[in-house]
Enquirer: 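Sending over a structure as structure tokens; questions will come in a sec.
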Amino acid sequence: MRTIVHRHLGKVVAGTAIAVAGTAVMIGITLPGSAGADDSDGKGAGQTSQQAGQGQGAVAPGVVEQAPAEGDTGEGRDPLTEDETERVEKLALDQQLRRTGENVEGEQGPQSLAVDLADPKTSELDDPDAPRRADVSFYDYKNDKLVTKTVNLDTGKVEETDTQQGVQPPLNRTENIEAAQLLLADPLGAGLKADFKDATDKELTTPDQLLLSSMVYRANPGTPAALADCGKHRCVTLFVKAKNGPWIDTRDLVIDLSTRKVAKVG
């Protein structure tokens, strides 16, 4: 077994004991475990959104949709059921957000990030009959904004809408996959492909061959000009592991998902 393969871009960290602390010290970071890699989920809403219109300046007529069925529901502080999660996501995604937003793949409609049970209001802390609410978050890649809507599960109404810029929550699985796809398509991904070939004797052609974890990247003093907007833009550093294989160090590569470009740091 080779120990470390140094290359101008990537470094393969080989060996069967990759997850132990000693190996993490060897590459200078605490690597995420393979069990946690690529474990968040989410899907872009753009695939189901209505096209804004045909031809320049055309606007599609409004569509009145039926309220989604309630399905199985929880009680009190019970975790959201699958039916509740699906229902509140549909309730939160109004026509304006569908029409003006853009997901991580550049398609119409914002990127769905997470659906979480909302905390009760202060006045409702001791009320056993307090309504259940959910916080539904989207990222609009067209405007680089995080949109969070609080939906009342009892009434089906959106009670609050919070829009922020420069706030970057952790990325989900769909975003990690898109970041890996952009990296593989970029000339800067050549080192990753070469190291994958060295480690597995296979060609790396798709993110499906990798286990992916990620960290939001923010610009700081000394950041290359190409990444100066990271923080306002949604940028990511990937932690890459070959399936049934070693970790491959790609910490010096940053993918700007807002501009769909890859740059090198360090």
Enquirer: Hey, is the main chain of Val216 close enough, under 3.5 Å, to the side chain of Arg234 for a donor-acceptor pair?
Expert: no

Enquirer: Hey, is CG on Asp127 packed in by over 12 heavy atoms from elsewhere, all under 6.0 Å?
Expert: yes

Enquirer: Would you give the length of the straight line joining atom OG1 of Thr205 to atom CZ of Phe196, rounded to the nearest 0.5 angstrom?
Expert: 8.0 Å

Enquirer: Is the side chain of Gln165 donor-acceptor paired with the backbone N or O of Lys145 at a distance under 3.5 Å, no angle test?
Expert: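 Between the backbone of Lys145 and the side chain of Gln165 there is no qualifying donor-acceptor contact (under 3.5 Å).
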
Enquirer: So does Lys193 have more than 12 non-hydrogen atoms from other groups sitting under 6.0 Å from NZ?
Expert: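 Enclosed: over 12 neighbouring heavy atoms sit under 6.0 Å from NZ of Lys193.
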
Enquirer: Apply side chain to side chain donor-acceptor pair (under 3.5 Å) to Thr148 and list each qualifying residue two or more places apart in sequence or on a separate chain.
Expert: none

Enquirer: What pairs with Asp94 under side chain to side chain donor-acceptor pair (under 3.5 Å), at least two apart in sequence or on another chain?
Expert: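 Partners of Asp94 by the side chain to side chain donor-acceptor pair (under 3.5 Å) criterion, ordered by chain and then number, come out as Lys149.
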
Enquirer: Judged by atom type as modelled, is there a donor-acceptor pair below 3.5 Å linking the side chain of Gln164 to the main-chain atoms of Leu146?
Expert: no

Enquirer: Mark yes or no for whether Arg133, through its side chain, and Asp154, through its backbone, hold a donor-acceptor pair below 3.5 Å.
Expert: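 No; zero donor-acceptor contacts below 3.5 Å.
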
Enquirer: Do the charged groups of Lys197 and Glu203 touch, with an N to O distance under 4.0 Å?
Expert: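 Between Glu203 and Lys197 there is a salt bridge, with a charged N closer than 4.0 Å to a carboxylate O.
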
Enquirer: Could you point out which residue of Glu178, Glu105, Glu102 forms a salt bridge (charged side-chain N to carboxylate O under 4.0 Å, His left out) with Arg260?
Expert: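 That would be Glu178; it is the only one of Glu178, Glu105, Glu102 passing the salt bridge (charged side-chain N to carboxylate O under 4.0 Å, His left out) with Arg260.
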
Enquirer: Please confirm whether the backbone N or O of Asn172 pairs with a side-chain atom of Glu175, one donor and one acceptor, at under 3.5 Å?
Expert: yes

Enquirer: With Asn152, which of Lys157, Glu159, Glu160 fulfils side chain to side chain donor-acceptor pair (under 3.5 Å)?
Expert: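 Going through Lys157, Glu159, Glu160 one by one, the side chain to side chain donor-acceptor pair (under 3.5 Å) with Asn152 is satisfied by Glu159 alone.
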
Enquirer: Given 3.5 Å as the limit, does a donor-acceptor pair link the side chain of Thr250 with the main chain of Leu238, or not?
Expert: yes

Enquirer: May I ask you to decide if Val104's main-chain N or O and Gln111's side chain share a donor-acceptor pair within less than 3.5 Å?
Expert: yes

